[in-house]
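Read through the structure below, which is laid out as structure tokens, and then see the notes.
When reading the values below, keep in mind they use all heavy atoms of this one structure, side chains included, and skip hydrogens, waters and symmetry mates. We're numbering straight along the sequence, starting at 1.
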Amino acid sequence: FREQTPLVIACHAIISAYGFWLPNDPRGSWSDFVGAWELYKFGPATKTSERRSLAHDPHNVELRRRAKEALKYPPARFDDVHRRAIGEGIARACAEADYVVHGCCIGYDHAHLIIARHERDIEVIIGHIKAHATRKLTEASVHPLARYIGKRGTMPTPWSQGCWKVFIDNAEQLKHAVAYVERHPEKERLARQEWAFVAPVR
């Protein structure tokens with residue numbers, strides 16, 4: 001991660017499905033702007049510098065619900081078939097660019113990744129991973145928004161823009177982050193996940 005200090009050893013990144021976390025979510029977001037008028041009617045971007053989870057913070061639930069209903073497409077949701085394709089896409093990106101992933105879990109509407117320090121910026125890495133995951137969803141004919149194909153034959157992205165990220169600068173923090181990601185599927189009532197591309201921390 002070129003923009004980070006030499007002390008940084010990894011990054012905990014969360015990538016979310018389209019419609020999962022809006023740029024003007026009343027709890028805060030990682031977005032600088034709202035790109036669609038349909039959403040901007042519900043307020044400007046709510047970018048925050050918070051690094052803790054905001055999922056359970058009190059907020060205007062009704063406002064968030066109405067904003068989601070105004071989306072151009074329905075929120076993307078992932079089942080086991082989608083998760084397999086996304087995992088294959090992540091594996092392809094890792095093989096192509098030598099990313100080392102120490103933890104991964106893919107839920108119904110977002111995924112957690114613990115990525116070891118790399119020469120590329122984390123935003124570039126996440127963009128690369130999303131691109132390959134989308135290609136695998138398309139190749140497997142399981143793209144969750146496939147029925148909304150455009151006039152030019154293109155499909156909307158199943159991902160929201162950007163990512164939430166926290167940089168990790170010591171072995172203890174890395175250990176806790178990996179453990180969190182390994183346990184996370186249980187929060188969504190999913191089985192623990194094992195991915196061949198995940199490398200144990202040494």
Side-chain angles (χ1 to χ4, degrees), residues 13-48 54-55 59-94 96-97 99 104-113 122-165 184-185 187-190 193 195 197:
I14 299 178
I15 55 177
S16 58
Y18 173 82
F20 168 59
W21 201 285
L22 303 183
N24 52 0
D25 190 292
R27 293 166 292 183
S29 75
W30 52 75
S31 301
D32 291 300
F33 67 96
V34 178
W37 167 246
E38 293 82 4
L39 288 182
Y40 190 76
K41 291 186 294 184
F42 297 94
T46 52
K47 185 171 184 178
T48 178
L54 305 173
H59 65 285
N60 188 331
V61 177
E62 177 61 19
L63 179 67
R64 180 166 61 94
R65 183 190 64 77
R66 287 192 286 116
K68 285 198 173 190
E69 289 177 348
L71 288 169
K72 187 174 182 180
Y73 310 109
R77 295 279 290 177
F78 304 138
D79 59 21
D80 285 342
V81 174
H82 296 122
R83 279 187 277 276
R84 281 195 295 273
I86 292 168
E88 290 172 5
I90 296 172
R92 183 185 290 179
C94 289
E96 191 171 276
Y99 304 138
C104 174
C105 68
I106 304 166
Y108 291 107
D109 47 25
H110 68 290
H112 290 257
L113 291 160
I122 188 62
E123 288 79 9
V124 174
I125 295 172
I126 292 303
H128 187 202
I129 285 173
K130 285 180 181 177
H132 274 302
T134 302
R135 288 193 190 103
K136 289 302 295 186
L137 287 166
T138 304
E139 290 170 6
S141 299
V142 294
H143 191 300
L145 300 178
R147 59 178 173 157
Y148 300 99
I149 191 167
K151 294 180 180 179
R152 297 182 179 180
T154 58
M155 285 177 278
T157 177
W159 307 104
S160 63
Q161 292 185 349
C163 69
W164 179 92
K165 59 186 183 292
H184 189 77
K187 292 185 177 182
E188 300 190 46
R189 298 184 179 182
L190 294 168
Q193 299 175 7
W195 302 100
F197 57 83

| said: Please enumerate all residues that pass ring-ring contact (aromatic ring centres under 6.0 Å, His included) together with H82, with sequence neighbours excluded. | reply: none
| field | Close side-chain approach of Y148 to P74, heavy-atom, < 4.5 Å | value | yes
| Distance (rounded to the nearest 0.5 Å) between S160 OG and K130 NZ | 5.0 Å
| field | Approximate separation, where rounding is to 0.5 Å, of Q161 CD and Y18 OH | value | 10.5 Å
| note | By side-chain contact (heavy atoms from CB on, under 4.5 Å), K136 pairs with (sequence neighbours left out) A85, E88, R92, E139
| By ring-ring contact (aromatic ring centres under 6.0 Å, His included), which residues pair with Y108, not counting sequence neighbours? | none
| query | What is the distance from atom CD of E123 to atom CD1 of I125, rounded to the nearest 0.5 Å? | reply | 9.0 Å
| What pairs with R135 under salt bridge (charged side-chain N to carboxylate O under 4.0 Å, His left out), at least two apart in sequence or on another chain? | none
| field | Sole candidate of I15, I90, L113 that passes side chain to side chain contact (heavy atoms under 4.5 Å, CB included) when paired with I106 | value | I90
| field | Non-hydrogen atoms of A91 and F197 that approach each other most closely | value | CB-CD2, 3.7 Å
| said: On a heavy-atom basis, which atom in H184 and which in C105 lie closest, and how many Å separate them? | reply: CB-SG, 3.7 Å
| remark: Contacts of Y99 meeting ring-ring contact (aromatic ring centres under 6.0 Å, His included) (sequence neighbours excluded), chain-then-number -> H118, H128
| message | Return the CG to CE distance between L145 and M155, rounded to the nearest 0.5 Å. | response | 9.0 Å
| said: According to salt bridge (charged side-chain N to carboxylate O under 4.0 Å, His left out), who are the partners of E188, at least two apart in sequence or on a separate chain? | reply: none
| field | Verdict with supporting geometry, K165 and I126, side-chain contact (heavy atoms from CB on, under 4.5 Å) | value | CA-CA 10 Å; K165 59 186 183 292; I126 292 303; over 6 Å; no
| said: If I compare all heavy atoms of T134 with all of W159, which pair ends up nearest, and what's the gap? | reply: OG1-NE1, 3.0 Å
| Polar side-chain atom of H143 near backbone of P156 as donor-acceptor pair, under 3.5 Å | yes
| query | Is the shortest heavy-atom distance from the side chain of P158 to the side chain of L137 under 4.5 Å? | reply | yes
| message | Give me the atom names and distance for the closest heavy-atom approach of G89 to H132. | response | O-CB, 3.3 Å
| said: Ignoring hydrogens, what is the shortest heavy-atom contact between R83 and L190? Give both atom names and the distance. | reply: NH2-CD2, 3.6 Å
